[in-house]
Amino acid sequence: MSRSLILGFVTYSLIVAGIATLRGELIALALPFVAFLLAGYVFAPDKIKLEATRHLSAERVSPHQEVTVTVTIMNRGTGLEEVLIEDIVPAELKLRADSTSSSVQRFGTNRHLVRLPKDSSYTFSYTVSGPRGGYGFEKVRMRVRDHLAVTSREVQIEAKGQLFVFPPVTRLRQVSIRPRRTRVYAGTIPARIGGSGTEFFGVREYQPGDSPRTINWRASAHSVEGLYSNEFQQERVADVGIVLDGRVRTNEFARGHSLFEHSVQAAAALADAFLAQGNRVGLLVYAAFLSWTIPGYGKVQRERILHSLAHARPGGSEVFSDLGHLPTRLFPPESQIVLVSPLLEDDLKPLVQLRAQGYQVLLVSPDPVKFELSYLPQGGTIELASRVISMERTLLLQKVQRAGIQVLNWDVDDPFDQVVKRKLSRPPAWLRAVGR
Amino acid sequence: MTLVALVLSIIIGAGSLAYGYWQAGLTDPARWIVLMGIVWLLAHWRKYYWFSSVALLLAIVAAGYGVWREFPTVWMLPGALGGLLGWDLSDFARRLGYAAPTDDVKDLERKHLARVGVVAALGLGLAILSLFIHVRRLAFEVAVGLILLAALGLTRLVMRLRRF
């Protein structure tokens, strides 16, 4: 209840009682309360003119990395005797300081009780950390009271700040993909077209202008008609569409365990690797709704994709419950599609359809069976069930492979870069040249 | 600092009320008032800050009843004032709980106690003064008129003072 209301109630009760009983002593009792109320109203802050600025020690961080938020409050109005400042921290971010005094002194806190004389400023800092996501700091809440806290006013001052917690990006050295169609610019992906390159493609008749180094002397020796030159496979950049499966039914498991973070990490690492190779990469997050990052090149595109991945959340909807509604028109024809998904039985048909439409598909599938087993208690029934489910999954992956889809089955306990290196890396040019 | 002032306020308030009742021969209510003071202290210790508002109302009711029954006003007035100070300081202690360890709490406490002390002294002085000023005959209508005039005057005074 408001303090002024309690004081007013007591004061008027005593005065009314004094008048009703014609006892001056009752009115005398009310006088200290009158003095209290008057003092409160007289010294109540007239105009509250506060300004706030915010500075973050870093705006792009990795999960649970500490960030120091510094807030400065400036009082441009009359002096304020008691101001309770509370910076509104996004719910998912965690203050580093716990309730202990030493911890608060070291890491700071978002709540302070201060006096703010006229034209003065107050600066405080605190440390936060949080999981992957995009967080917006909007306002600082302040409760201003007079000398005796008779009046109280709450104001919210805007002090914007943005913090992006990006997924950790694992560096992948080489990811081997072979889309049917490539773009015109030189890159690292074999283009199935003869020309200049490093990998042997074929032999053709010598043409004026060919370097003598390219002459295939062995083939030329077999023919009396002329010389023959070696042709190499052109290496170009390609269009790569990464599809991140964020459906709840594929990612979420019992007791709050989720594979989604692993899928996000895999998507981030793959996007980084493809962009580093010069490819044009787009990202589609397939969850409760579609989140599409238009394809692009380079570092700017890497930022866009990481922003999108920072905001990605698993979700479920009737429309996107299966991969049947994957909008293939977003991806250029015959381009490379990389699907990051734990995969379900009914996802086979849409994948086969993708393949039939001419897309080259790479499936990166975090293994849900091993993931679940890692936290379930060991026992006869669970072991038996896991064997059955493992067999079903192996069968499903075999069917996918038979449809011409490249499959990377990833046990999330193994580092992703090592798994990629083992299964998807392209040997260096000199090793390919010696045919190993 | 605040805690000492709070404990003193509650002891003085409850003590003077209880003494006034005891002097008038009402020993049982005096014991209840002492008990209320103890409960108030315990409630503050256990951080049941809402109890201070209840205790303030109880103290005012006890002081008002005492005045009506013509117990010595000299004990009832400190009782009401002690209740007011206890209520204010209890809430101030609660607000201080929001302060961070790095905040200058001592300065806030010092300034608040000084102001509350001045206001309490002023209120007490006015109350004592009013006890000595006696208007022998005052018609009810005149009293009501004077109160309205006082309310209007106080409003004007507050408005004028706020301009400075």
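The structure displayed is predicted, hence computed values, not measured ones. Letters go in sequence order (proteins before strands), and every chain restarts at 1.
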request  = Using modelled atom types only, decide if a donor and an acceptor are shared between the side chain of A:His147 and the backbone of B:His112 within a distance under 3.5 Å.
outcome  = no

If I take atom [atom1] from residue [X] and atom [atom2] from residue [Y], how far apart are they, to the nearest 0.5 angstrom?
X	Y	atom1	atom2	value
A:Leu38	B:Leu122	CG	CG	9.0 Å
A:Phe36	B:Leu84	CZ	CG	5.0 Å
A:Glu82	B:Tyr98	CD	OH	11.0 Å
A:Arg23	B:Thr73	CZ	OG1	7.5 Å
A:Leu5	B:Ser53	CG	OG	10.5 Å

Is chain A contacted by the side chain of [X], its backbone, both, or neither, given a heavy-atom distance below 4.5 Å?
X	answer
B:Trp87	both
B:Ala120	neither
B:Leu81	side chain
B:Leu126	both

Is it the side chain or the backbone of [X] that comes within 4.5 Å of chain B heavy atoms, both, or neither?
X	result
A:Leu148	both
A:Ala39	side chain
A:Phe9	side chain
A:Arg143	neither
A:Glu86	neither

Please give me the minimum heavy-atom distance between [X] and [Y], naming the atom from each residue.
X	Y	result
A:Arg111	B:Ala100	O-CB, 3.6 Å
B:Arg95	A:Leu113	O-CD2, 3.5 Å
B:Ser130	A:Ala28	OG-CB, 3.1 Å
A:Ala35	B:Gly123	CB-CA, 4.0 Å
A:Leu29	B:Ala80	CD2-CB, 3.8 Å

query = Are A:Glu81 and B:Arg115 close enough that some pair of their side-chain heavy atoms sits under 4.5 Å apart?
reply = yes

Greatest number of heavy atom pairs closer than 4.5 Å to chain B - which of [options]:
options	answer
A:Leu7, A:Ile27, A:Ile85, A:Thr78	A:Leu7
A:Thr109, A:Ile15, A:Ile19	A:Ile19
A:Ala149, A:Ala17, A:Gly24, A:Pro32	A:Pro32

task = Please determine, among B:Asp103, B:Val118, B:Leu96, B:Asp91, the option with the most heavy-atom pairs under 4.5 Å with chain A.
result = B:Asp103

request  = Report the C-alpha separation of B:Asp104 and A:Arg115 in whole Å, then their side-chain angles, then the decisive distance to 0.1 Å, and conclude whether the salt bridge (charged side-chain N to carboxylate O under 4.0 Å, His left out) test is met.
outcome  = CA-CA 9 Å; B:Asp104 191 0; A:Arg115 268 185 75 232; over 6 Å; no

key: Residues in residues 55-67 of chain B near chain A [non-hydrogen atoms, under 4.5 Å]   = B:Leu56, B:Leu57, B:Ile60, B:Ala63, B:Gly64, B:Val67

query = Hey, is CZ on B:Phe132 packed in by over 12 heavy atoms from elsewhere, all under 6.0 Å?
reply = no

